[in-house]
2 protein chains.
Amino acid sequence: MTLSTAVYRELRTEVLSGRLKPGVKLRAEDLRKRFNIASSPIREALNRLVSEGFVALEDQKGFRVAPVSESDLQELVLARCAIDGAAISESIRRFDVPWEEGLVLALHRLSRASRQADEQLPVGEMSWENLHREFHCALVSGCGSRWTRRISEQLFDAAERYRLLAAQQISERNELAEHQAIVEACLSRRPADAVDLLQRHYGMTFSVIMGSPDAPALQAD
Amino acid sequence: MTLSTAVYRELRTEVLSGRLKPGVKLRAEDLRKRFNIASSPIREALNRLVSEGFVALEDQKGFRVAPVSESDLQELVLARCAIDGAAISESIRRFDVPWEEGLVLALHRLSRASRQADEQLPVGEMSWENLHREFHCALVSGCGSRWTRRISEQLFDAAERYRLLAAQQISERNELAEHQAIVEACLSRRPADAVDLLQRHYGMTFSVIMGSPDAPALQAD
DNA sequence: CAGGCAAATAATCTCAAAATTTATGAAATT
DNA sequence: AATTTCATAAATTTTGAGATTATTTGCCTG
């Protein structure tokens with residue numbers, strides 16, 4: 001792997017996990033010292049993140065972690081409702097067996113995972129966050145379009161960033177039940193129910209994030 | 001504007017217009033000579049295009065113009081049907097007056113434009129291609145989500161690339177009538193019709209592209 | 001206090017060369 | 001003849017120092 005790619009992945013992870021706060025300046029010089037490499041690979045990594053929307057670039061003013069706002073989150077949730085809704089509906093219409101099985105498996109794994117992030121994970125085991133991501137990918141994986149799947153993943157990552165920014169300790173809120181209900185609607189081929197449950201699920205996410213103690217931070221940046 | 005940004009725009013235009021063919025190697029050294037600048041801004045521009053999917057990057061093997069394929073186009077069209085369909089439906093549900101008026105205006109301008117690209121455009125006038133893009137943006141601009149709008153634009157650009165690659169002389173096929181029918185369905189608040197017409201419109205695009213004399217080129221790359 | 005100016009800082013770009021990886025093609029081996 | 005080996009060539013990535021251009025800062029003047 002090239003240095004550019006390594007730095008790209010590291011910065012992407014840090015932005016998405018909320019370790020790098022919105023609006024923070026990303027000076028090539030600082031990052032150069034931090035990673036102990038020259039500035040070219042750093043600028044290349046930052047440029048990739050710019051096109052992904054996780055880093056903002058103003059000509060001659062350098063890079064910043066992409067800002068957040070309540071309206072942005074609201075429109076993000078709206079986009080996810082529309083796009084993932086269409087994708088899940090199409091998945092049910094097609095009803096591939098690999099899709100069905102992948103979904104069951106992803107739900108099972110997610111249900112077994114603990115949300116306690118502090119305890120050390122056994123080697124080779126994925127975190128709840130990663131399994132949650134896999135689950136949402138599995139939901140839309142039967143839609144027949146890699147374009148749609150890629151977009152759905154990007155939107156998930158953007159939304160997850162908001163969740164992790166707002167919530168160090170958010171109520172667990174029995175998401176498992178919501179996930180199970182969605183899968184049930186999928187398996188029994190009830191597209192309208194599945195879409196409805198999915199959109200409620202996203203709507204809940206929005207409320208929980210905006211209701212969290214850290215939510216006011218969304219105004220400041 | 002920085003050099004990076006200028007090169008980014010130029011390369012993006014050339015890839016999307018089909019002047020740079022799929023699979024073609026993009027060597028920093030060659031581009032350096034061509035633009036007569038150093039390689040850093042060139043690599044930065046290429047890295048931005050990588051995240052956008054218009055340039056492919058394999059570590060240690062350099063940059064190439066993103067490949068194309070029939071299945072990719074098919075899945076692209078599917079994504080556009082789902083996403084723009086949802087967006088247009090939501091736009092009608094909301095029915096903002098600015099959206100309605102923007103749509104009428106965009107259609108009017110598009111109807112006045114000539115498709116002859118060879119003749120010199122009067123200063124300040126947009127090409128049919130640009131007006132067509134504006135029209136499609138206007139269609140989904142009432143959906144209430146900047147995320148959805150951005151995604152719709154990116155998908156339009158990717159699809160337009162296929163159209164321009166496949167078609168130097170494609171039948172004009174009375175697209176104007178299709179556009180008018182979609183707008184009519186929007187203005188009279190018939191979401192199901194609008195979505196249906198839009199999806200047929202995209203489906204036609206797919207058939208026309210795959211039926212063009214240049215279509216076999218889609219296999220080779 | 002507002003506006004302007006110069007110095008300091010930051011961002012972008014250049015250039016030459018080093019380090020690393022991949023591609024090439026001839027010689028050796030099976 | 002086909003495959004492997006290996007040295008060489010070429011390409012990609014990275015370095016690091018410095019030049020250039022734009023922005024910010026803080027002082028000074030009006």
Check: Can you list the steps and then say if B:Ile182 with B:Ile88 is a side chain to side chain contact (heavy atoms under 4.5 Å, CB included)?
Finding: CA-CA 10 Å; B:Ile182 295 169; B:Ile88 207 177; 3.9 Å; yes
Give one of base, sugar-phosphate or nothing for [X], where a contact means two heavy atoms less than 4.0 Å apart.
X: B:Ser40; result: base
X: B:Leu26; result: nothing
X: B:Ser39; result: nothing

Item checked: Phosphate contact (C:dC13 OP1 or OP2) by B:Ser4 side-chain N/O below 4.0 Å -> yes
Item checked: Rounded to 10 degrees, the angle between the two terminal axes of the helix from C:dC1-D:dG30 to C:dT30-D:dA1, each from five pairs -> 20°
Checklist line | Donor-acceptor contact present, side-chain B:Ser212 to main-chain B:Ala166, <3.5 Å | finding: yes
Show each protein N/O and nucleotides 5-11 of chain D N/O combination with a separation under 3.5 Å, one pair to a line.
| residue | atom | partner | partner atom | Å |
| --- | --- | --- | --- | --- |
| D:dA11 | O5' | B:Arg27 | NH1 | 3.4 |

All N/O pairs under 3.5 Å across the protein-nucleotides 18-22 of chain D interface:
none

Margin query: side chain to side chain contact (heavy atoms under 4.5 Å, CB included) for A:Leu11 and A:Leu20? Distances and angles first, verdict last.
Written below: CA-CA 8 Å; A:Leu11 290 179; A:Leu20 278 172; 4.1 Å; yes
Are [X] and [Y] ion-paired here, with the side-chain N under 4.0 Å from a carboxylate O?
X: B:Glu153; Y: B:Arg150; answer: no
X: A:Glu175; Y: A:Arg163; answer: no
X: B:Glu14; Y: B:Arg34; answer: yes
X: B:Glu129; Y: B:Arg133; answer: no

Next item on the list: Kindly determine whether B:Asn47 and A:Tyr8 satisfy side chain to side chain contact (heavy atoms under 4.5 Å, CB included), including the steps that lead there.
Entry: CA-CA 11 Å; B:Asn47 272 287; A:Tyr8 160 74; over 6 Å; no
Next item on the list: Starting from C1' on C:dT22, measure out to CD on B:Glu58 and report it in whole angstrom.
Entry: 11 Å
